Participant: 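My questions will all concern the structure given below.
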Amino acid sequence: MAFDTEAAQPTPLAMTATEHPHDAITIEVAGDVDAATSPRLRTQIRDLLESRPSAVVIDMTAVGFCDSSGLSVLVQLNRYCTESGIALSIRPSKVVRRAIELTGLLATLTMAD
């Protein structure tokens, strides 16, 4: 888990969902996405997808750390959305984009502007 250098504490995970016209949702994710927080991320996003929106953007621009468990959640959500006909895109922070690039997932996951 990444630490806030000033407080020497892990950065907690926070999520906010915003519904948009035409059945679209933006989910803002902030904090650390790691083995401790990724199950909650997966569960909460899957709950939001139950309404079958036409499009979902996962905004991770406020994520300071993302490990392989977080990337695994993104891949699982991508597969679920593809099978469900939901357009999924990720708006990554620099850290998340770098992790996606290093693992070769850039060709699998759709990046948002």
Side-chain angles (χ1 to χ4, degrees):
M1 182 172 273
F3 288 91
D4 177 333
T5 54
E6 289 185 25
Q9 296 294 318
T11 306
L13 183 69
M15 286 176 271
T16 305
T18 305
E19 294 185 29
H20 301 284
H22 307 294
D23 219 14
I25 298 175
T26 298
I27 303 167
E28 296 178 32
V29 181
D32 295 340
V33 181
D34 57 22
T37 60
S38 61
R40 185 168 65 107
L41 177 71
R42 179 180 41 254
T43 300
Q44 288 185 339
I45 293 177
R46 283 291 299 264
D47 288 349
L48 290 167
L49 296 176
E50 290 292 321
S51 67
R52 298 282 195 237
S54 60
V56 175
V57 174
I58 302 176
D59 184 341
M60 301 182 80
T61 55
V63 171
F65 177 80
C66 183
D67 70 6
S68 61
S69 63
L71 295 176
S72 177
V73 168
L74 295 179
V75 170
Q76 292 168 19
L77 291 171
N78 185 66
R79 185 177 309 121
Y80 176 82
C81 286
T82 299
E83 292 170 357
S84 302
I86 300 169
L88 174 69
S89 57
I90 314 292
R91 184 173 296 128
S93 65
K94 288 181 182 181
V95 169
V96 174
R97 178 175 282 281
R98 183 72 177 140
I100 289 170
E101 289 172 351
L102 288 173
T103 55
L105 291 172
L106 198 54
T108 302
L109 300 173
T110 302
M111 298 298 114
D113 296 332

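Here the structure is a predicted model, which means the values were calculated and not measured.
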Participant: Are Ile100 and Leu71 close enough that some pair of their side-chain heavy atoms sits under 4.5 Å apart?
Facilitator: yes

Participant: Compare every heavy atom of Asp34 with every heavy atom of Ser69, then report the nearest pair and how far apart it is.
Facilitator: OG-C, 3.0 Å

Participant: Under the 3.5 angstrom rule, does the side chain of Thr43 hit a backbone N or O of Arg40 as a donor-acceptor pair?
Facilitator: no

Participant: Checking Thr103 side chain against Ala99 main chain: does a donor-acceptor pair fall under 3.5 Å?
Facilitator: yes

Participant: Using a 3.5 Å distance criterion without hydrogens, assess whether the side chain of Asp67 forms a donor-acceptor pair with backbone atoms of Gly70.
Facilitator: yes

Participant: Before giving the answer on side chain to side chain contact (heavy atoms under 4.5 Å, CB included), spell out for Asp32 and Val63 the whole-Å C-alpha distance, their side-chain angles and the decisive distance to 0.1 Å.
Facilitator: CA-CA 6 Å; Asp32 295 340; Val63 171; 6.0 Å; no

Participant: Starting at CG of Leu74, measure out to CZ of Arg79 and round the result to the nearest 0.5 Å.
Facilitator: 12.0 Å

Participant: Check whether the side chains of Ser89 and Thr110 place a donor and an acceptor atom closer than 3.5 Å, and report yes or no.
Facilitator: no

Participant: To check you understand the geometry: which heavy-atom pair defines the closest contact between Val33 and Leu41, and what is its length?
Facilitator: CG1-CD2, 3.8 Å

Participant: Does atom CD of Glu19 have more than 12 heavy-atom neighbours, drawn from other residues, nucleotides or ligands, at distances under 6.0 Å?
Facilitator: no

Participant: Would a distance-only check, ignoring hydrogens and angles, find a side-chain to backbone donor-acceptor pair under 3.5 Å from Ser93 to Gly64?
Facilitator: no

Participant: Check Pro92 against Met111 and note the closest heavy-atom contact, atom names and distance.
Facilitator: CG-SD, 3.7 Å

Participant: Say you draw a straight line from CG of Leu49 to CD1 of Ile27; how long is it, rounded to the nearest 0.5 Å?
Facilitator: 6.0 Å

Participant: How close do Ile45 and Ile58 get, counting heavy atoms only, and between which atoms?
Facilitator: CD1-CD1, 3.9 Å

Participant: Working to the nearest 0.5 Å, report the span between CG of Leu48 and CE of Met15.
Facilitator: 8.5 Å

Participant: Say whether Val57 and Ile25 are linked into one hydrophobic cluster, either directly or through other cluster members, by side-chain heavy-atom distances under 4.5 angstrom.
Facilitator: no

Participant: Give, for atom CZ of Arg97 and atom NZ of Lys94, the distance between the pair rounded to the nearest 0.5 Å.
Facilitator: 11.0 Å

Participant: So how far is it from Ile90 CD1 to Met60 CE, rounded to the nearest 0.5 Å?
Facilitator: 7.0 Å

Participant: Nearest 0.5 angstrom please: Leu13 CG to Gln44 CD, how far?
Facilitator: 7.5 Å

Participant: Would you say Asp59's side chain and Val29's backbone share a donor-acceptor pair under 3.5 angstrom?
Facilitator: no

Participant: Would you confirm whether Thr16, through its side chain, and Glu28, through its main-chain N or O, come within 3.5 Å as a donor-acceptor pair?
Facilitator: no

